[in-house]
There are 2 protein chains.
Amino acid sequence: MENYRFDNLDKSILKSLMSNARTPYAELAKQCGVSAGTIHVRIEKMRQAGVITGTQVRVDAKRLGYDVCCFIGINLNNARDYPHTLELLRELEEVVEAYYTTGNYSIFIKVMARSIEHLQDVLINKVQAIEAIQSTETLISLQNPINRSVTP
Amino acid sequence: MENYRFDNLDKSILKSLMSNARTPYAELAKQCGVSAGTIHVRIEKMRQAGVITGTQVRVDAKRLGYDVCCFIGINLNNARDYPHTLELLRELEEVVEAYYTTGNYSIFIKVMARSIEHLQDVLINKVQAIEAIQSTETLISLQNPINRSVTP
DNA sequence: TATGAAAGACCGCTCCC
DNA sequence: GGGAGCGGTCTTTCATA
């Protein structure tokens with residue numbers, strides 16, 4: 001994975017687009033003191049370099065009805081069960097993130113649920129129902145005061 | 001926080017926009033079998049209801065040079081130190097997420113670093129340098145095989 | 001090779017049905 | 001909710017340094 005070589009122009013463009021993917025090119029051009037054509041060229045270059053992988057709307061999970069956010073540390077009976085367990089977790093739509101980690105757990109997942117009851121259901125009937133999983137440890141998030149992206 | 005009342009049209013629109021925030025209204029209209037004007041009305045309604053909070057480009061952190069991702073569980077000397085500690089953590093650009101949690105830790109953060117050395121620096125000289133922090137536990141992520149959003 | 005200016009195609013917004 | 005027209009935005013091309 002080689003890194004893309006950035007100059008300050010690329011960084012400025014990225015910063016703006018990371019807070020608003022629909023910033024007009026003309027405005028980016030004004031902010032950066034270059035022409036809109038140049039903006040277009042740079043964005044296209046970053047897209048092809050795989051730095052920009054797409055655009056998405058930010059959605060308020062709470063307003064979508066997902067009030068409960070939690071992390072679950074998972075220990076496997078056997079490290080070899082990792083790939084298969086991952087596939088089973090992928091099928092659970094409540095599992096929004098998964099990490100393969102060193103430390104106390106083998107797999108670490110983030111789960112979004114509609115309520116505590118829903119979380120219980122996911123945890124007991126879906127996650128812990130996976131045979132390869134030996135034990136789990138749950139961390140309920142009450143607040144998410146910081147949520148941002150890496151700085152270009 | 002009341003939930004927005006969704007019908008299937010809203011859900012379809014959201015799903016498309018969550019994978020590509022710049023999907024043309026005309027294409028959304030074709031996919032959903034309604035007119036572009038209707039798409040516009042629905043998106044505007046979701047925006048004003050706070051369901052859609054903005055748009056952003058997805059960026060490949062690795063290509064930006066951030067190769068190391070880790071979670072750090074933090075224990076505070078005193079629960080009252082929480083607000084102040086949070087402000088100090090917010091000033092660290094490597095801290096991309098923070099959660100106030102129940103369970104083993106008081107605060108749980110996600111850190112992105114450019115290298116193991118960089119991570120060490122952040123952990124020792126920045127995070128653990130905060131007086132209110134009693135102890136930390138680090139979980140290094142080797143892979144992030146699942147990373148998606150909640151389903152509308 | 002990277003940038004800037006201008007023209008054409010496309011899209012989103014608004015109004016009226 | 002549907003359809004048409006206007007205004008703005010993106011993309012492309014070509015000239016330039």
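In what follows, every chain begins at residue 1, and chains take the letters A, B, ... in the order their sequences are listed. Fair warning: this is a prediction, and the values are worked out from it, not measured in the lab.
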Practice prompt. Please state how far atom CG in A:Leu17 lies from atom P in D:dT9, giving the value in whole angstrom units.
Written response: 15 Å

Worksheet item: When the distance from NZ of B:Lys45 to C1' of D:dG1 is rounded to whole Å, what number comes out?
Response: 11 Å

Worksheet item: What is the distance, rounded to the nearest whole Å, between atom CG of A:Asp7 and atom C1' of C:dT3?
Response: 13 Å

Fill in: Interatomic distance where CD1 belongs to A:Ile43 and P belongs to C:dT3 [whole Å]
13 Å

Worksheet item: A:Arg42 has an atom CZ; how far is it from atom C1' of D:dC10, in whole Å?
Response: 18 Å

Discussion item. So, taking the atom named CZ in B:Arg148 and the one named OG in B:Ser19, what distance separates them when rounded to the nearest 0.5 Å?
Written reply: 14.0 Å

Worksheet item: Given the side-chain rings of A:Phe71 and B:Tyr99, with only the six-membered ring counted for Trp, is the space between their centroids under 6.0 Å?
Response: yes

Worksheet item: Starting at the 5' end of DNA chain C, which residue's closest nucleotide do you reach first, B:Ala26 or A:Leu9?
Response: A:Leu9

Item to complete: Just call it for A:Val34: base, sugar-phosphate, or nothing, with non-hydrogen atoms closer than 4.0 Å on any strand.
Response: sugar-phosphate

Worksheet item: Between B:Arg90 and B:Glu87, is there a salt bridge with N-O shorter than 4.0 Å?
Response: yes

Worksheet item: Can you find a side chain N or O atom of A:His40 that sits less than 4.0 Å from OP1 or OP2 on D:dT11?
Response: yes

Worksheet entry | Spacing of A:Asn8 atom CG relative to C:dA2 atom C1', expressed in whole Å | 16 Å

Discussion item. Which nucleotide wins on minimum distance to the side chain of B:Ser35, given the candidates C:dC13, C:dG4, D:dG3?
Written reply: D:dG3

Worksheet item: How close or far is atom P of C:dC13 from atom CZ of B:Arg47, stated in whole angstroms?
Response: 8 Å

Fill in: Nearest-nucleotide pick for A:Arg22, side chain only, options being C:dT3, D:dC10, C:dG12
C:dG12

Worksheet item: B:Tyr25 side chain: which of C:dT3, C:dG12, D:dT12 is closest?
Response: C:dG12

Worksheet, complete the sentence: Between CG of B:Leu28 and P of C:dC13 the distance, given in whole Å, is 12 Å

Worksheet entry | Lys/Arg-Asp/Glu bridge criterion (N-O < 4.0 Å) met for A:Lys15, A:Asp10 | no

Practice prompt. Using a cut-off of 6.0 Å, state whether more than 12 heavy atoms not belonging to B:Gln31 lie near its atom CD.
Written response: yes

